[in-house]
2 protein chains.
Amino acid sequence: MDVEHQRMYQYYSEVCKAMSNPQRLAIIDILRQGEVPVGNLAEQLGRSISNTSQHLAVLKSARLVKCRKEGTTCYYSVSTPAIFKAFDCMAQIIFDGMTDRAEHREYLKSQVLV
Amino acid sequence: MDVEHQRMYQYYSEVCKAMSNPQRLAIIDILRQGEVPVGNLAEQLGRSISNTSQHLAVLKSARLVKCRKEGTTCYYSVSTPAIFKAFDCMAQIIFDGMTDRAEHREYLKSQVLV
DNA sequence: CATATATTTGCGATAATTCTAAATTACATG
DNA sequence: CATGTAATTTAGAATTATCGCAAATATATG
């Protein structure tokens, strides 16, 4: 494994790490709605604005989200649709990893609510 | 955000966490070759068998890889091709996150070596 | 300036990560 | 059965990360 590759894996791992938190995945999922202000996100998450902002900062430093300022409001959105694709891959991986029909049923039930 | 969703995000985050390590991403990348014995993986990674085995254990507990035993040898492979899809999403996300042409060129150069 | 919206900072507590080295298990074969 | 090969597991140690809260600090607007 050469140095170029190592650096590449390093980058990838940072993206994964940014995504490896339920709260932040929830944020990404909410951002399917499009641009959403921090306060709105916080409300949907049931968390404080401060806390939400901190998670957004993590996502931003991994370049997963971007924000647009309008007045005092910050509208957040994902930086690329590929993030939703990655999200959906996670769903696929978990679905494929399930062993029996009961698990699948249970899982699909939760998906309907999205 | 209801309980069902929280659990779902929890699952997803565990998959992400398993992938959020350069060493393990390297393993996944090597597994594009198909079934690979632990010793062989260790050699390609330039790490000890013990260390490699531990990373494999992490991947296995997240159900990202499976192994088939044949004699004293354990052949590892990914549990679903969706894992490669997720990997490739990471590549896409990073590519999309790059701002200038120089970065893109640099990145593509490293990809040629895969 | 006061208000609304976000961000940042400074903790503190807890828990996770990663590696090495050594012990252990599992299996095949002479 | 003894030995060697392949892999896993355990233990430990050092380092580092995570997460949330509360308070302080921006930033823009009327």
Side-chain angles (χ1 to χ4, degrees), chain A residues 1 6-7 9-28 30-31 35-79, chain B residues 1 6-7 9-28 30-31 35-79:
Chain A
M1 196 175 46
Q6 272 183 324
R7 198 176 45 177
Y9 296 135
Q10 183 64 45
Y11 283 150
Y12 291 11
S13 74
E14 276 154 24
V15 171
C16 290
K17 199 172 289 180
M19 289 182 72
S20 62
N21 172 284
Q23 201 71 15
R24 290 196 288 274
L25 287 171
I27 287 175
I28 290 171
I30 291 173
L31 291 182
E35 282 190 327
V36 183
V38 179
N40 193 322
L41 275 166
E43 199 180 2
Q44 294 195 51
L45 293 167
R47 295 284 172 133
S48 71
I49 289 185
S50 167
N51 181 267
T52 304
S53 178
Q54 281 175 71
H55 280 299
L56 284 166
V58 173
L59 291 171
K60 195 156 67 178
S61 83
R63 302 211 246 193
L64 300 191
V65 301
K66 56 179 195 266
C67 82
R68 182 178 63 84
K69 232 170 172 173
E70 198 180 304
T72 60
T73 306
C74 276
Y75 293 90
Y76 274 87
S77 56
V78 297
S79 62
Chain B
M1 194 176 48
Q6 273 183 327
R7 199 174 47 175
Y9 296 136
Q10 183 63 47
Y11 283 151
Y12 291 12
S13 74
E14 275 154 25
V15 171
C16 289
K17 198 173 288 180
M19 288 183 73
S20 62
N21 171 284
Q23 201 72 16
R24 290 196 287 275
L25 287 170
I27 287 175
I28 289 171
I30 291 172
L31 291 182
E35 283 190 325
V36 183
V38 179
N40 192 322
L41 276 167
E43 199 179 4
Q44 294 195 51
L45 293 167
R47 296 283 172 136
S48 70
I49 288 183
S50 167
N51 181 265
T52 303
S53 178
Q54 282 177 72
H55 281 300
L56 284 166
V58 173
L59 291 172
K60 195 157 67 177
S61 84
R63 303 211 247 191
L64 300 190
V65 301
K66 57 178 194 267
C67 81
R68 181 178 63 83
K69 234 170 170 172
E70 197 181 304
T72 60
T73 306
C74 278
Y75 293 89
Y76 274 86
S77 56
V78 297
S79 61

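Chain letters run A, B, ... following the sequence lines, proteins first, then strands; residues in each count from 1.
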Trace of the side-chain contact (heavy atoms from CB on, under 4.5 Å) decision for A/Lys17 with A/Ser13:
CA-CA 6 Å; A/Lys17 199 172 289 180; A/Ser13 74; 5.6 Å; no
What pairs of nitrogen or oxygen atoms, one from the protein and one from nucleotides 28-30 of chain D, lie under 3.5 Å apart?
none

Taking it one step at a time, do A/Leu45 and A/Asn51 satisfy side-chain contact (heavy atoms from CB on, under 4.5 Å)?
CA-CA 10 Å; A/Leu45 293 167; A/Asn51 181 267; over 6 Å; no
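- If you take CG of A/Leu45 and P of D/dC19, they are 14 Å apart, rounded to a whole angstrom.
- Atom P of nucleotide D/dC19 and atom CG of A/Leu59 are separated by 11 Å, given to the nearest angstrom.
- In this structure, CE of A/Met19 is placed 21 Å from P of D/dA17, rounded to the nearest angstrom.
- Note on A/Arg24: a side-chain N or O is less than 4.0 Å away from OP1 or OP2 of D/dC19.
- In terms of heavy atoms, B/Val38 sits closest to B/Tyr76 at CG2-CE1, 3.4 Å.
- No option in A/Val58, A/Leu59, A/Ile27 other than A/Leu59 meets the side chain to side chain contact (heavy atoms under 4.5 Å, CB included) test with A/Leu64.
- Across A/Cys67 and A/Lys60, no two heavy atoms sit closer than the pair SG-NZ, 4.1 Å.
- In this structure, B/Tyr75 reaches neither bases nor backbone, as no heavy-atom distance under 4.0 Å exists between it and the strands shown.
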Filtered N/O pairs between nucleotides 8-16 of chain C and protein, under 3.5 Å:
unit_1: C/dT8; atom_1: O4; unit_2: A/Ser50; atom_2: OG; d: 3.0

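- D/dA23 atom P lies 16 Å from atom CD1 of A/Ile49, rounded to whole Å.
- The side chain of A/Asn21 approaches D/dC19 more closely than any other nucleotide in the set D/dC19, D/dA6, C/dT7.
- Atom CD1 of A/Ile27 is separated from atom P of D/dG20 by 10 Å (rounded to the nearest Å).
- Rounded to whole angstrom, the span from the NE2 atom of B/His55 across to the P atom of D/dT8 amounts to 13 Å.
- When all heavy atoms are compared, the tightest approach of A/Ser79 to A/Arg63 is OG-O, 2.7 Å.
- When every heavy atom of A/Lys66 is checked against every heavy atom of A/Val78, the shortest pair comes out as NZ-O, 3.6 Å.
- As a whole-Å value, the separation of B/Gln10 CD from D/dC19 P is 10 Å.
- Where A/Ser20 and B/Tyr76 meet DNA chain D, the nucleotide closest to each residue was compared, and B/Tyr76 sits on the side nearer the 5' end.
- Rounded to whole Å, the distance from CG on A/Leu25 to P on D/dT18 is 14 Å.
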Can you list the steps and then say if A/Arg68 with A/Ser77 is a side-chain contact (heavy atoms from CB on, under 4.5 Å)?
CA-CA 8 Å; A/Arg68 182 178 63 84; A/Ser77 56; over 6 Å; no
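- Within 6.0 Å of CD in B/Gln6 there are more than 12 heavy atoms belonging to other residues, nucleotides or ligands.
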